[in-house]
Every structure is written in structure tokens, then in C-alpha cells.
Amino acid sequence: MAENDGLRWLGELDQAEVAKEDFAAKGQGKFTVNGLNPHDDDWLEKASQKVHAAQGDDYVLLDRGLLTVNQLNWLLKEVYGELTYCDDNHQLMWYNRQYDDPNQMMGRRRPEQVGDNMDEVHPDVGNVRKYAKQVWYGLRTKADGRDEVWTPVSRGHGEPIMHYNRYKRIEDEAGNFRGIAEWVVDLKPLAEYYCRTNGLKMVPDDQAQRPDFVETPADVKRHQADKDIDAASHPSN
């Protein structure tokens with residue numbers, strides 16, 4: 001796997017500059033669709049109509065292939081893990097919707113979120129927005145020459161960390177920043193398969209340093225619920 005020091009690297013960035021990251025998407029990306037309200041739940045439908053986007057059985061000429069829009073959708077839904085693309089204007093443009101129910105996803109996304117800016121996609125709870133801004137600043141500026149970062153998301157209740165986010169800087173042919181791709185993946189099935197087919201097993205390493213993890217909005221709610229339960233079970237005198 002790629003370098004696993006992602007959270008340490010993010011924490012060492014210039015945090016004053018990180019805080020300036022334009023999550024309200026007030027700027028202008030190369031392919032920003034203007035004249036629409038990005039907060040509109042129907043932004044995708046209105047934007048695609050405005051730019052006369054290819055759809056259905058229309059063919060799309062790719063770098064090494066020719067597929068219809070339908071074929072692209074079918075293919076991307078079957079990619080292992082959850083993919084998201086945000087453009088260079090901090091706007092959520094696409095995700096490979098594998099489930100109709102967002103609660104079945106590791107990184108929950110809702111259809112009406114497409115078109116939203118990062119302020120809406122990453123609520124200001126826990127360390128969610130701070131962490132997201134660190135990712136954006138680090139990859140947008142290519143700090144220390146890095147163009148990707150892996151981060152663990154949740155430990156669960158004593159379970160090994162298996163839910164990781166991989167963020168990758170997207171560039172055009174000239175090397176200009178064009179956004180960030182996110183890959184959310186559960187590594188446990190892959191790790192179990194690797195061990196099973198090679199006659200290996202995973203065992204605890206008492207000397208290993210477990211990294212910090214990133215809280216999602218769901219984590220914040222769960223932790224608050226745990227605190228509420230604990231407070232109800234052990235009321236103060």
C-alpha cells in the first residue's frame with residue numbers, strides 16, 4: 001500500500017494556509033458550470049441540460065476506449081470501493097453510486113449532493129472539515145511533492161482499521177491541478193483473501209504504532225450517543 005503516514009503529513013502542513021482553502025467554491029474552475037445554484041438538489045439535471053451532456057447510449061471517446069454513457073455507468077458501479085471526484089473549484093461533481101441507500105456506503109453520499117461545494121459535503125463537526133481542508137491544501141499545492149495520501153477512517157469498537165481513504169491529485173496533460181479523486185475502500189476482504197490463498201494469518205503486533213484516525217460525521221454522532229448512554233447509566237450526584 002502507499003505511504004501510511006498520511007495523517008502525520010497533513011498535520012505538518014501550514015495550518016494557517018490550510019484554513020484559507022475555499023470550501024465555499026466561490027472561485028472558477030476550468031469546467032465550472034455557471035449560472036446555476038450549486039445548492040439546488042436538482043443541480044445535476046439542470047447542469048447536464050445546460051451543457052448538453054452526453055447520456056444514455058451516446059458514445060464517449062476515452063483515452064483508450066469507446067464506451068456509451070450507460071456502459072461507463074455500469075463499469076464504474078462495479079469498481080471495488082467507492083469513487084468520488086471533486087473538481088478544481090471545490091465542487092462535488094460525481095460519485096459511483098453503488099447503492100441507493102447512502103447508509104450502505106462507507107463514505108456516505110446522496111444523489112442530491114452532486115454540485116454541492118465542500119462546505120456542504122464536509123460539515124463542521126468534529127475534525128471532519130479541518131481534515132478535508134488539509135487534504136485539499138496538501139494535494140492542490142502538491143506540498144512536499146506528494147500527489148496522494150492514504151488515511152485510516154475508523155477503528156470501530158476494538159476492530160482493526162480496515163476502512164481507508166485514498167486521495168489522489170488529478171492533473172491535466174500539462175500538469176495543472178484539476179481536482180481530487182477519492183477512493184474509499186474496505187481492505188479487510190482483500191487482506192483475508194491474501195492470507196487465505198498464501199497460507200498466512202494476521203496476528204497482533206504489540207510493537208506496532210496504531211495511527212490516529214479521521215472522524216466522519218457518523219463517528220461524531222456515535223461518540224455523542226455513547227456519551228449520552230454513559231451519562232444516563234452513571235448520572236452525576
Asks: For residues Tyr95 and Pro111, determine if any side-chain heavy atom of one lies less than 4.5 Å from a side-chain heavy atom of the other.
Replies: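 Yes, their side chains come closer than 4.5 Å.
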
Asks: If you measure only the distance, is there a donor-acceptor pair under 3.5 Å linking the side chains of Tyr167 and Thr151?
Replies: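 Absent: no donor and acceptor within the cut-off.
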
Asks: Got a donor-acceptor contact below 3.5 angstrom from the Lys133 side chain to the Ala19 backbone?
Replies: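 Yes.
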
Asks: Should the heavy atoms of other residues, nucleotides or ligands under 6.0 Å from NZ of Lys130 be counted, would the total exceed 12?
Replies: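 No.
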
Asks: Should the pair His122 and Phe23 be assigned to parallel (<30°), tilted (30 to 60°) or perpendicular (>60°) ring geometry?
Replies: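 His122 vs Phe23 ring planes: tilted.
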
Asks: Between Arg169 and Glu171, does any NZ, NE, NH1 or NH2 come within less than 4.0 Å of an OD or OE carboxylate oxygen?
Replies: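 Counted as a salt bridge, because a side-chain N and a carboxylate O are separated by less than 4.0 Å.
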
Asks: For the atom pair CZ (Phe177) and CH2 (Trp136), what is the distance rounded to the nearest 0.5 Å?
Replies: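 The CH2 atom of Trp136 is 4.5 Å from CZ of Phe177, to the nearest 0.5 Å.
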
Asks: Can you get from Tyr99 to Val114 by hopping between Ile, Leu, Val, Met, Phe, Trp and Tyr side chains that sit under 4.5 Å apart?
Replies: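 Linked within one cluster.
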
Asks: Which heavy atom in Asn37 sits nearest to a heavy atom in Trp43, and how many Å separate them?
Replies: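 Heavy atoms only, the tightest pair is O-CD1, 3.5 Å.
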
Asks: Taking the side chain from Arg110 and the backbone from Pro102, do they hold a donor-acceptor pair closer than 3.5 Å?
Replies: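 No, because the side chain of Arg110 does not come within donor-acceptor range (under 3.5 Å) of the backbone of Pro102.
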
Asks: Taking all atoms of both residues into account, what is the closest heavy-atom pair of Trp150 and Glu148, and its distance?
Replies: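 Heavy-atom minimum between the residues: NE1-OE2, 3.7 Å.
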
Asks: Mind checking salt bridge (charged side-chain N to carboxylate O under 4.0 Å, His left out) for Asp40 and listing every partner two or more places apart, or none if nothing turns up?
Replies: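 Only Lys46 meet the salt bridge (charged side-chain N to carboxylate O under 4.0 Å, His left out) criterion with Asp40.
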
Asks: Can you confirm whether Arg129 sits close enough to Asp119 that some side-chain heavy atom of one is under 4.5 Å from a side-chain heavy atom of the other?
Replies: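 When only atoms from C-beta onward are counted, Asp119 and Arg129 do touch, with a gap below 4.5 Å.
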
Asks: For the CG atom of Leu62 and the CG atom of Leu72, what is their distance to the nearest 0.5 Å?
Replies: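 That separation rounds to 5.5 Å.
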
Asks: Could you walk me through whether Val69 and Asp57 satisfy the side-chain contact (heavy atoms from CB on, under 4.5 Å) test, starting with their C-alpha distance in whole Å, then the side-chain angles of each, then the deciding distance to 0.1 Å, before giving a yes or no?
Replies: CA-CA 6 Å; Val69 176; Asp57 292 330; over 6 Å; no

Asks: Answer yes if Tyr193 and Leu200 sit in the same cluster of Ile, Leu, Val, Met, Phe, Trp and Tyr residues linked by side chain heavy atoms under 4.5 Å apart, and no otherwise.
Replies: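 No.
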
Asks: I'd like to check the side-chain contact (heavy atoms from CB on, under 4.5 Å) partners of Asp101; sequence neighbours left out, ordered by chain and number.
Replies: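 With neighbours one apart ignored, the set is Asn103, Gln104.
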
Asks: Below 4.5 Å, heavy atoms only, C-beta onward: do Leu10 and Val135 meet side chain to side chain?
Replies: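 Yes; the side chains approach each other to less than 4.5 Å.
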
Asks: Is Arg109 paired with Glu182 through a side-chain N to carboxylate O contact shorter than 4.0 Å?
Replies: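 Judged by the 4.0 Å cut-off on N to carboxylate O distance, Glu182 and Arg109 do form a salt bridge.
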
Asks: Is there a side-chain contact (heavy atoms from CB on, under 4.5 Å) between Glu120 and His39? Walk through the geometry before answering.
Replies: CA-CA 9 Å; Glu120 292 190 320; His39 312 299; 2.9 Å; yes

Asks: Restricting to side-chain contact (heavy atoms from CB on, under 4.5 Å), what partner residues turn up for Leu75, sequence neighbours left out?
Replies: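 With neighbours one apart ignored, the set is Leu67.
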
Asks: Might you point out which heavy atoms bring Val121 and Pro123 nearest each other, and give the distance in Å?
Replies: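 That closest heavy-atom pairing would be O-CD, 3.4 Å.
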
Asks: Mark yes or no for whether Asn198, through its side chain, and Tyr194, through its backbone, hold a donor-acceptor pair below 3.5 Å.
Replies: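 A pair under 3.5 Å: yes.
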
Asks: Are Val185 and Met202 linked, directly or through intermediate hydrophobic residues, by side-chain heavy-atom contacts shorter than 4.5 Å (ILVMFWY only)?
Replies: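 In one cluster with Met202: Val185, yes.
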
Asks: Of all heavy-atom pairs between Asp186 and Lys188, which one has the smallest distance, and what is that distance?
Replies: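 Taking Asp186 first and Lys188 second, the nearest heavy atoms are OD1-N, 3.1 Å.
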
Asks: Taking only residues at least two apart or on different chains, which pairs with a member in residues 6-17 satisfy side-chain hydrogen bond (donor to acceptor under 3.5 Å, both in side chains)?
Replies: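 For residues 6-17: Asp5-Arg8, Arg8-Glu12, Trp9-Asp144, Gln15-Gln134, Glu17-Lys20.
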
Asks: Counting only N and O atoms by type, is there a donor-acceptor contact under 3.5 Å from the side chain of Asp42 to the main-chain atoms of Glu45?
Replies: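 Side chain of Asp42 to backbone of Glu45: no pair is present.
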
Asks: Rounded to the nearest 0.5 Å, how far apart are OG1 of Thr141 and CZ of Arg146?
Replies: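 The OG1 atom of Thr141 sits 12.0 Å away from the CZ atom of Arg146.
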
Asks: Would you check if the side chain of Asn117 reaches a backbone N or O of Ala24 as a donor-acceptor pair within less than 3.5 Å?
Replies: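 Yes: the side chain of Asn117 pairs with the backbone of Ala24.
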
Asks: List the atom pairs, with distances to 0.1 Å, where a side-chain N or O of residues 85-94 and a protein N or O form a donor-acceptor pair under 3.5 Å, not counting sequence neighbours.
Replies:
{"from": "Tyr85", "atom 1": "OH", "to": "Arg178", "atom 2": "O", "distance (Å)": "2.5"}
{"from": "Asp87", "atom 1": "OD1", "to": "Asn89", "atom 2": "N", "distance (Å)": "2.9"}
{"from": "Asp87", "atom 1": "OD1", "to": "His90", "atom 2": "N", "distance (Å)": "3.4"}
{"from": "Asp87", "atom 1": "OD1", "to": "Gln91", "atom 2": "N", "distance (Å)": "3.1"}
{"from": "Asp88", "atom 1": "OD2", "to": "Lys30", "atom 2": "N", "distance (Å)": "3.4"}
{"from": "Asp88", "atom 1": "OD2", "to": "Arg178", "atom 2": "NH1", "distance (Å)": "3.3"}
{"from": "Asn89", "atom 1": "OD1", "to": "Gly27", "atom 2": "N", "distance (Å)": "3.3"}
{"from": "Asn89", "atom 1": "OD1", "to": "Gln28", "atom 2": "N", "distance (Å)": "3.4"}
{"from": "Asn89", "atom 1": "ND2", "to": "Gly27", "atom 2": "O", "distance (Å)": "3.4"}
{"from": "His90", "atom 1": "ND1", "to": "Asp22", "atom 2": "O", "distance (Å)": "3.2"}
{"from": "His90", "atom 1": "NE2", "to": "Glu21", "atom 2": "OE2", "distance (Å)": "3.0"}
{"from": "Gln91", "atom 1": "NE2", "to": "Gly115", "atom 2": "O", "distance (Å)": "2.9"}

Asks: Treating Ile, Leu, Val, Met, Phe, Trp and Tyr as nodes and any side-chain heavy-atom pair under 4.5 angstrom as an edge, say whether Leu76 and Ile170 lie in one connected cluster.
Replies: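 Result: yes, single cluster for both.
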
Asks: If we ignore hydrogens and angles and just use 3.5 Å, is the side chain of Asn127 paired with the main-chain N or O of Tyr131 as donor and acceptor?
Replies: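 Looks like no, no N/O pair under 3.5 Å.
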
Asks: Taking the side chain as everything from C-beta on, heavy atoms only, tell me whether Leu7 gets closer than 4.5 Å to Val149.
Replies: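 Side-chain contact under 4.5 Å: no.
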
Asks: Which residues satisfy the salt bridge (charged side-chain N to carboxylate O under 4.0 Å, His left out) test with Glu192, sequence neighbours excluded?
Replies: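 None.
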
Asks: Between Val60 and Phe31, is there shared hydrophobic-cluster membership here, with clusters defined by ILVMFWY side-chain heavy atoms closer than 4.5 Å?
Replies: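 They do not share one cluster, since no chain of ILVMFWY contacts under 4.5 Å joins Val60 to Phe31.
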
Asks: For atom OH of Tyr80, decide whether the heavy atoms of other residues, nucleotides or ligands shown that lie under 6.0 angstrom number more than 12.
Replies: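 Buried by this count: over 12 neighbours within 6.0 Å.
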
Asks: Provide the closest heavy-atom pair for Trp183 versus Leu83 in the form atom of the first, atom of the second, distance.
Replies: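 Nearest pair, atom of Trp183 first, then Leu83: CD1-CD2, 3.7 Å.
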
Asks: Are any side-chain N or O atoms of Gln98 and backbone N or O atoms of Lys77, one a donor and one an acceptor, separated by less than 3.5 Å?
Replies: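 Pair found, side chain donor or acceptor close to backbone of Lys77.
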
Asks: State plainly whether the residues Asp147 and Lys142 are in salt-bridge range, i.e. N to O under 4.0 Å.
Replies: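 A salt bridge is absent here (no side-chain N lies under 4.0 Å from a carboxylate O).
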
